[in-house]
Amino acid sequence: MTPQQQALSIVRNEHITLIAVIDALKYVATDVAAGKLTPDYKLLWSILYYIEEFPERLHHPKEDAVLFPRLRARTADINATLDELERQHVNSQPALDRLKAVLGRMEADIPGAKAEFAERCATYAGFHRQHMALEEAVVLSKATEVFTDQDWVEVAQAFAQNKDPLRNGAVHDSDWFRQFYRHIVALVPEPWGVGERK
Ligand SMILES: [Fe+2]
Ligand SMILES: [Fe+2]
């Protein structure tokens, strides 16, 4: 595999995994709000933890620190899109913080919390879907046009390491993320995961 293929496949695979987890959260939250599913708080908190550790702490920051600046250095063509994507990264953590706050209220049986949680999860999932689609349509295709071999080597290296660019250290290694992903899939009820429906 060339460094370009490696970099593109890591970014795209991260998007696929993130969308799978965030969509599972949306479907579970919707069924819980509709009274079709008993809330499994261990699962719901696990998903929020995964989202916090993976897209919020690793995926988006690596795009901000490595992929986007390198693109800005090569071309000014998509600066407006990069500005917008960076703004979306900034807004993503507060949206996750609100999900955590509402999940806490839901666990305390506060009236209306289940419906609010389902609504916020749906908004969060829609936002991420659009965000990642824009990255793939505009950012990855422009990178394919303008990046040098060395750019791809550096992007591939940055994405292959699960180093937190903000904290300068490893959070969890790739095996941990894979295992934790499997743990989530095992808990998510059918048909979105392989867990039992309760
Ligand atoms: Fe992003
Ligand atoms: Fe991304």
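Just follow the structure's listing: the first ligand is 1, and inside any ligand the first atom is 1.
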(message) Once you measure the plane-to-plane angle for His60 and His128, does it fall in the parallel (<30°), tilted (30-60°) or perpendicular (>60°) bin?
(response) parallel

(message) Please verify the inter-ring angle class for Phe159 with His59; under 30° counts as parallel, over 60° as perpendicular, anything in between as tilted.
(response) perpendicular

(message) Nearest 10°: the angle subtended at the Fe ion (ligand 1) by His89 NE2 and Glu63 OE1?
(response) 90°

(request) Give a yes or no on whether His131 keeps an N, O or S atom under 2.8 Å from the Fe ion (ligand 1). (result) yes

(request) Provide the atom name of the closest N, O or S atom of Glu135 relative to the Fe ion (ligand 1). (result) OE2

(message) Let me check your reading of the structure: within less than 2.8 Å of the Fe ion (ligand 2), is there an N/O/S atom from His59?
(response) yes

(request) Measure from the ring center of His89 to the ring center of Phe68 and say whether it is less than 6.0 Å. (result) yes

(request) Report yes or no: do Ile19 and Tyr124 belong to one cluster of Ile/Leu/Val/Met/Phe/Trp/Tyr joined by side chain heavy-atom distances under 4.5 Å? (result) yes

